[in-house]
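By convention in this document, chain letters (A, B, ...) are assigned in the order of the sequence lines, proteins followed by strands, and residues within each chain are numbered from 1. These numbers come from a predicted model, not from an experiment. Computed over heavy atoms, backbone and side chain alike; hydrogens, waters and symmetry mates excluded.
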Number of protein chains: 2
Amino acid sequence: MLDSTDLQIIDELTKNSRITMKELGEKVHLTGQAASTRVAKLEDQGIIEGYTINVNQMKMGYGVHAIIHIFTKTTNHQPYLSFLKKQKDIVRNNFKVSGESCYLLECRFPSNESLDEFLTNLSNYVSYKLSIIINKY
Amino acid sequence: MLDSTDLQIIDELTKNSRITMKELGEKVHLTGQAASTRVAKLEDQGIIEGYTINVNQMKMGYGVHAIIHIFTKTTNHQPYLSFLKKQKDIVRNNFKVSGESCYLLECRFPSNESLDEFLTNLSNYVSYKLSIIINKY
DNA sequence: TCAAATCCTTTCAATAATCAAGTGAAACAG
DNA sequence: CTGTTTCACTTGATTATTGAAAGGATTTGA
């Protein structure tokens with residue numbers, strides 16, 4: 001299904017998705033057109049889902065990064081999930097997980113104050129444990 | 001520092017980073033050249049860190065997604081960190097966190113078998129608790 | 001052996017990016 | 001009030017890329 005050239009293409013586009021097809025072709029030893037058709041095929045197959053940018057969240061004013069372990073009190077999760085929908089600027093991921101907690105919630109905050117405010121509201125819906133991300137390795 | 005046009009540009013590039021500067025300009029009511037210089041400035045400022053793709057990990061054969069809570073037994077974390085370096089295909093993020101655990105390790109595996117193997121090796125370095133990601137909301 | 005399919009290259013017209021020059025508005029000193 | 005500087009943007013010419021069409025090489029199967 002995927003040969004090594006496809007994997008190389010995915011690798012190169014992961015590093016820089018704004019590369020020209022001509023350059024991409026040179027990197028994987030194809031013409032620009034051949035590279036282009038391969039990329040189109042990867043899109044059609046749903047392997048490449050989209051093109052995006054990495055934004056420096058610190059510089060965007062979201063310096064506080066937290067993972068919040070969610071323990072739902074009740075069997076009905078809907079109030080919690082509805083609450084999250086209203087916090088789209090803050091919520092980056094909400095994973096339903098097996099293990100001790102019910103969800104792992106990844107969030108970004110401008111400050112500890114806004115984190116505090118969020119947690120205050122959050123506690124109306126669920127119990128939680130907080131992990132603040134200090135660094136990335 | 002950033003006006004609403006810059007935010008719009010970041011928003012559009014987040015949705016589709018391969019858009020032409022001409023199209024991007026149309027979306028934010030600028031010429032392609034003006035959009036292009038703004039994007040260059042955002043890159044220089046380090047706000048746009050890079051251009052990348054979203055890859056369907058399921059289709060790439062990494063269907064098992066896990067968050068592993070790491071509890072280091074010893075004060076020297078280096079053996080653990082060195083171990084991770086050898087597992088670049090599997091490890092997606094390793095966050096040093098405050099809270100109960102020392103690190104939150106995000107990984108992708110092709111199968112439960114490979115997860116099992118990884119955990120077996122991991123237990124030589126640290127204690128852990130496993131959360132398997134079931135879904136994303 | 002032939003036909004179809006796949007994957008690639010070449011060529012060329014259409015389109016986009018880039019560079020240089022120029023416009024107009026705002027800020028500011030004389 | 002005037003002249004100068006700066007900034008962000010536009011315009012126009014040049015260069016580069018993209019996309020479509022045609023064709024070549026290789027593989028597959030009847």
Side-chain angles (χ1 to χ4, degrees), chain A residues 1-63 88-90 108 110-111 114, chain B residues 1-63 88-90 108 110-111 114:
Chain A
M1 189 171 176
L2 290 185
D3 64 15
S4 71
T5 304
D6 289 322
L7 295 178
Q8 247 185 296
I9 285 172
I10 290 167
D11 190 50
E12 291 298 336
L13 289 177
T14 300
K15 287 189 222 156
N16 176 16
S17 67
R18 263 197 88 84
I19 193 174
T20 63
M21 287 300 119
K22 196 185 173 192
E23 274 183 275
L24 178 60
E26 281 163 16
K27 282 180 189 286
V28 304
H29 311 298
L30 290 175
T31 59
Q33 288 77 352
S36 182
T37 47
R38 276 193 184 243
V39 168
K41 194 170 287 180
L42 290 169
E43 290 171 5
D44 292 342
Q45 290 173 305
I47 289 165
I48 294 177
E49 293 179 330
Y51 299 87
T52 190
I53 51 173
N54 288 326
V55 174
N56 186 317
Q57 297 296 334
M58 199 76 182
K59 292 186 178 172
M60 289 294 284
Y62 285 91
K88 279 221 163 71
D89 55 326
I90 282 170
R108 289 264 184 189
S111 65
S114 61
Chain B
M1 188 170 177
L2 290 186
D3 64 14
S4 71
T5 304
D6 289 322
L7 295 178
Q8 247 186 295
I9 286 172
I10 290 167
D11 191 50
E12 291 297 337
L13 288 178
T14 300
K15 287 190 224 155
N16 177 15
S17 67
R18 265 195 87 84
I19 193 174
T20 64
M21 287 300 120
K22 195 186 176 194
E23 275 183 275
L24 178 61
E26 281 163 16
K27 281 180 189 287
V28 303
H29 311 297
L30 289 174
T31 59
Q33 290 80 345
S36 183
T37 49
R38 277 196 185 240
V39 169
K41 194 170 287 179
L42 290 169
E43 290 171 4
D44 291 343
Q45 289 173 305
I47 289 164
I48 294 176
E49 293 181 329
Y51 300 87
T52 189
I53 51 173
N54 289 326
V55 173
N56 186 316
Q57 297 296 334
M58 198 75 181
K59 292 185 178 172
M60 289 293 285
Y62 285 91
K88 279 223 162 74
D89 55 327
I90 282 169
R108 290 262 184 191
S111 64
S114 61

Between P on C/dA17 and CZ on B/R38, what's the gap in Å once rounded to a whole number? 17 Å
So which one's nearest nucleotide on DNA chain D is more toward 5', B/L30 or B/Q33? B/L30
Note: for A/R18 and A/G32 on DNA chain C, the residue whose nearest nucleotide lies more 5' is A/G32
Mind checking B/S36 for me? I need base, sugar-phosphate or nothing, with any heavy atom below 4.0 Å counting as a touch. sugar-phosphate
Under-4.0 Å salt bridge between B/K27 and B/D11: no
Please lay out, stage by stage, how A/R38 and A/V28 fare under the test side chain to side chain contact (heavy atoms under 4.5 Å, CB included). CA-CA 11 Å; A/R38 276 193 184 243; A/V28 304; over 6 Å; no
Distance below 4.0 Å between A/K41 side-chain N/O and C/dC7 OP1 or OP2: yes
Quick check: closest heavy atoms across B/I53 and A/I10, and the distance to 0.1 Å? CD1-O, 3.7 Å
Send over the distance from A/E23 CD to D/dT17 P, rounded to a whole Å. 7 Å
How long is the line joining CE of B/M21 and C1' of C/dC19, in whole Å? 16 Å
Heavy atoms only: give me the nearest A/E23-A/I19 pair and the separation to one decimal. CB-CG1, 3.5 Å
Could you check how far CD1 of A/I19 sits from C1' of D/dA16, rounded to whole Å? 15 Å
Side chain of B/K22 only, heavy atoms from C-beta on: which candidate in D/dT10, C/dT10, C/dA17 is closest? C/dA17
Just the rounded figure in Å: distance from P of C/dA26 to CG of B/D3. 16 Å
Walking DNA chain C from its 5' end, the first of B/T20 and A/T5 to be reached, judged by nearest nucleotide, is A/T5
